[in-house]
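Here is how names work: the chains are called A, B, and so on, in the same order as the sequence lines, proteins then strands, and each is numbered from 1. What you are looking at is a predicted structure, and each value in this text was computed from that prediction instead of being measured.
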Amino acid sequence: MRPIEYYEPPVPSKVNYINAQYGLKSWLLTKDHKRIALLYLGSITFFFFIGGLYALMIRLELLTPQGDFLQSATYNKVFTQHGIIMIFFFLIPSIPATLGNFLVPMMIGAKDLAFPRINLLSWYVYLLGGVITIYALLAGGVDTGWTFYTPFSTTFSNSYVVATGLGIFINGFSSILTGLNFIVTIHTMRAPGMTWFRLPLFIWSHYATSLIMILGTPVIAITVLLLAFERVARVGIFDPALGGDPILFQHLFWFYSHPAVYIMVLPSMGVVSELIANFSRKNIFGYSFVAFSSLAIAVFGFLVWGHHLFVTSQSVYAGMIFSFLSFAVAIPSAIKVFNWTATLYKSSISYDTPMLYGLGFIGLFTVGGMTGLFLASLAVDVHLSDTYFVVAHFHYIMVGGALMGYLGGLHYWWPKISGRMYPEGWGRFSALVIFVGFNLTFLPQFVAGYLGMPRRYHAYPPEFQVFNVLSTAGASILGFGMLIPAIYFVWSMRYGKRAEANPWHLPGLEWRTPSPPPTENFAVTPIVTWEAYEFAPPEETQVVGKFGPELEQI
Amino acid sequence: MADVINSHATTSEAHGHRALQHHFENMEQQREAGTLGMWVFLVTEIMFFGGMFLAYTLYRSKYPASFASASNHLDITLGTVNTGVLILSSFTMAMAVYFTQIGKRRPQILCLILTLMLGLTFLGIKGVEYHDKYRDHLIPGHLIPSSPFLENEAEAEHHGLHLLEGATLPQVEMFYWIYFAMTGMHALHMIIGAGLLTFLLIYSIKGRFDPEYHSPVEVIGLYWHFVDIVWIFLFPLLYLLGRHLEHG
Amino acid sequence: MQSWIPLVPDSASTLSWKVDALYFYLSGVTLFFSLLISAVLIFFVIRYRRRTPYEIPRPIAGSHKLETLWTIIPFVIAMTMFGWGAQVYFQQYKPPANAIEVYVVGKQWMWKLQHATGQREINQLHIPVGRKIKLIMTSEDVIHDFFVPAFRTKMDVVPGKYTTMWFEATTPGTYHLFCAEYCGMNHSGMTGSIVVMEPREFDNWLSGNAASGTPASQGQQLFQSLGCASCHGQNGEGGRGPTLAGVFGKKTQLQTGESVTVDEGYVRESILNPQAKLVAGFGAIMPTFQGQVREDQLMQLVAFIKSLPAGGQTEAPPTTATPAPRQAASPTQNVK
């Protein structure tokens, strides 16, 4: 049997981007997008565990109806900080800054991103924002909710609002710089023959994400700045006692923060496209529909922010328009789910860990997305707004969706990034544990929410306890499940099986370099003559189906 | 954005132009990336300034009389002169780019110097205006302890600010918040621009740019034009409001 | 109506079952598609598992027909959800005429309520079955939210403006009241109950609870003590200031030429910020009362102005709640 790859395998090389230069300075002053991706990977993982610690505290408190674990002022800081850390310092950068940074140049056949120094700058800006925010947390914390609604945050909160706001403001520039870099790179640095419709869908989704990053982030920047001004100088923009409008803040805040959720989920969808196609050895069904749906989500995502304001006494007519648009934005996502599923038809599916995460994404994102429809539907949202239903909905998307994609991508590209394989058995086991733990954590919250349990409550009526106990049990399982990959990824860097250039035997450009790749990615700029996800020349494919695959013996 | 299918770089073009960065295939790709990068950055700037323009629009429609009163007190002469200065500086900047493209170093350097001087003139005039605000107690809040904002109508009249029918001092103060935020942010961008121009000047004198490689000049030119355009929007909105209401 | 499967809370209002019906539809569709997708996924994953290491399946590019199908069908389903939701939403948020009004002030971390008949309550609201109740609400400090799960409705309570919500209870009982907008330290403690009673019991409750005066009569006292009468006349007939009698609910023209409806929010704003929306033909001479009146006092002033009949009658405003606020009832004694 001849091997799958019908192209020349890359010449193995002893020198790769990891060992090309040693020393702290070579890492901290690197211009190599792959090293910068690893720098991000470390810092993002750090923030993830801090956010996770806060989550643990929330779930421990909510085991009992009384507020007996934490004082209420402390609990308010804990859920606020959980949100801020997870959203701004984990979810928004996660896939673009780690997997995106590493892979975007490689997937298009480039040697680096368009602006390597700006890439490094974006990491330092991220760190600066993170350091300032950690300072705010250690100095006493912030208790306004990650949404910073006024006038509580401008006038009534006695916590470190300005410092946290500053941290978020600075962190936003990291996002803007990353997005700018990706857009320019994808437009101008594609290898010869790499036309737009030969690009992997990972690139399309990162392009759409970058559009949102550059258009939306400046708005949160100015909003946070205005908030800080108001708090420090008592201007009167948002505080009604000074003639301001508190609902104006909500409009400005959500104008960014809704598109932000698409920043968090679109890259993950890009990963899922890669996982589904590559682990079933079949091109994505309806490639152009999936590509354009990413752009549609980016555009429509900017038009729906008012669905966060349905119960704020916003005009009912505005409510209707936003509700309609919120339903419209769900359609492109549905199209993706159907196309991914159709890809699996008459394909050849392997059960490797990345595929498990990809499949998990499709199922959990379907639930998360459809529960979003409950919230887009005006009458039901009036009841469900600010209850645990909303909490469950967005965790299904953020954890069940974005995080699954991230973990799937990490596992999938781990051999390329580190040159090592992770232990497959443990990989599958932890995927399963995470899946079970996740559902047990968040499914009961839907029920609790419809029953009326409000969010951001640290003490609640006893009839909600059963759901909270289930949820905390699930959270423990989920937490345990997430520790396992943390351990084995680190373990594999030293003891994992060495990976060949193309351990999964796939056609993507990133697999045509050694694992780990050399600093310049490609010794010679490739010339692309094949379509996206073209696993073999047409005459060498088989029909799989009715009576098992009919192989042509070569 | 045209698809660029670059010709495959042959090994004989091993290093290309001395300014070619290692991750680009050729100078054209590098130039295109740099220009597109600046355009994308300017889009983010539009979103950033746009937030402030939105706040201005909302408060102007809420407090028309107060905003007109405050706007009437701004020095329209200085504002107009500044507008002229900036437009002229955009012209000299465009000329600098042109001369760089055709390789004429002396005119290029001259135009850069002129642009820089005009930019500094703008900042100087802005400084004069800000000083006048300090003198007339128009800096909002208690930001400058020695010059707190106007307390009452009498004090306002004393400093030459006439309150039209329906105007109130707190609303006038809101105008000045927005005035300082927007012109201050604009001035900050001008200062950065001046810094960039200085860098361009130094490199031009050292002869770093030629018809083959001058994308920093082009790209910084784009930035300069953008800062000019922001001012062209700011000027009428801040200075020319409600002039027809001035005398009743 | 309490189900043994706690999937839905108590249903106690005329709209509860409507919201539940939509919820069950949404749940049904969600369950259907989730199970469908999961089943198809599982089927494909098993059926098309890799059987030999080197097989490469034939690529299938796509199908415009399928794409159209699975774009149109979800869109149509989404539109049914939108339409149904919007329809019920209109009913939820359109306050009906002839509702009994209750004034609500939220503050950190309690609810202060006053019935139109004058009874005050803290963290509790007694209402009769079968009557439409309209809440007129504001906050003294930060944004709160008045949430009654059993009625399937909520509305933010915003400082600086009035917001309204309404409901009609169908079943006697005691139901949770939650604050549903994070408001600081004791947000979880800002809870209470709505006590729905049979009409007779409710009347007993009313008579058993001392009321020092209706909001309207207390408003009249404020109207005098704050000096409003000096410009607006004893009974709002006007003078140096615009006429207030009979203007509530009508449109009035402003100096700028536009016209506004005189509602609770306009009255409140004009007391606190008189120059904001000056009535045409009057000078800017009204002083502001910012800082001199509390939110509940503002509501009383609003109630008084609402009660003023056109023509400026000399009778005192009614001290018992009447369905039509402009009906001049003979003054009843304060209930002892």
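Residue I214(A) comes nearest to M47(B) through the heavy atom pair O-CG, 4.4 Å, listed as atom of the first residue, atom of the second, then distance. Nearest heavy atoms, A221(A) versus F48(B): CB-CE1, 4.0 Å. A pairwise comparison of heavy atoms in Q29(B) and T188(A) identifies NE2-O, 2.9 Å as the closest pair. Among all heavy-atom pairs drawn from Y59(B) and G236(A), the shortest one is OH-O, 3.7 Å. Between G37(B) and L180(A), the closest heavy-atom pair is O-CD1, 3.9 Å.
More than 12 heavy atoms of other residues, nucleotides or ligands shown are found within 6.0 angstrom of NZ on K126(B). More than 12 heavy atoms of other residues, nucleotides or ligands shown are found within 6.0 angstrom of CZ on F199(B).
Residue pairs meeting the side-chain hydrogen bond (donor to acceptor under 3.5 Å, both in side chains) criterion with at least one partner in residues 113-124 of chain A, sequence neighbours excluded, are Y40(A)-S122(A), S43(A)-W123(A), N101(A)-N119(A).
Per-residue heavy-atom pair counts under 4.5 Å with chain A were compared for V40(B), L54(B), I46(B), and the maximum is reached by V40(B). Chosen from P116(A), P105(A), S210(A), the residue pairing most often with chain B at heavy-atom distances under 4.5 Å is P116(A). Of the listed residues (L242(A), I237(A), I183(A), D245(A)), the one with the most heavy-atom contacts under 4.5 Å to chain B is I237(A). Chain A forms more heavy-atom pairs under 4.5 Å with one residue of H23(B), M185(B), M174(B), Q30(B) than with any other, namely H23(B).
Heavy atoms of I176(A) lying under 4.5 Å from chain B belong exclusively to its side chain. Contacts of L252(A) with chain B are made by side-chain atoms alone, with heavy-atom separations under 4.5 Å and no backbone atom involved. In this structure, the portions of A233(A) lying under 4.5 Å from any heavy atom of chain B include both its backbone and its side chain. In this structure, chain B has a heavy atom under 4.5 Å from the backbone of L113(A), while its side chain stays farther away. For a residue to count as touching a neighbouring chain, one of its non-hydrogen atoms must lie under 4.5 Å from one of that chain's; by this rule F149(B) does not touch chain A. Neither the backbone nor the side chain of Q171(B) comes within less than 4.5 Å of any heavy atom of chain A.
Take Y262(A) and apply the side chain to side chain donor-acceptor pair (under 3.5 Å) test, not counting sequence neighbours, and it matches H258(A).
Counting only heavy atoms from C-beta outward, the side chains of L58(B) and L248(A) approach each other to under 4.5 Å. Looking at L215(A) and T44(B), their side chains never come closer than 4.5 Å, going by heavy atoms from C-beta outward.
Atoms CD and CH2, from E230(A) and W177(B) in turn, are 9.5 Å apart once rounded to the nearest 0.5 Å. Here the straight-line distance linking atom CE of M189(A) with atom CZ of F24(B) works out to 5.0 Å at 0.5 Å rounding.
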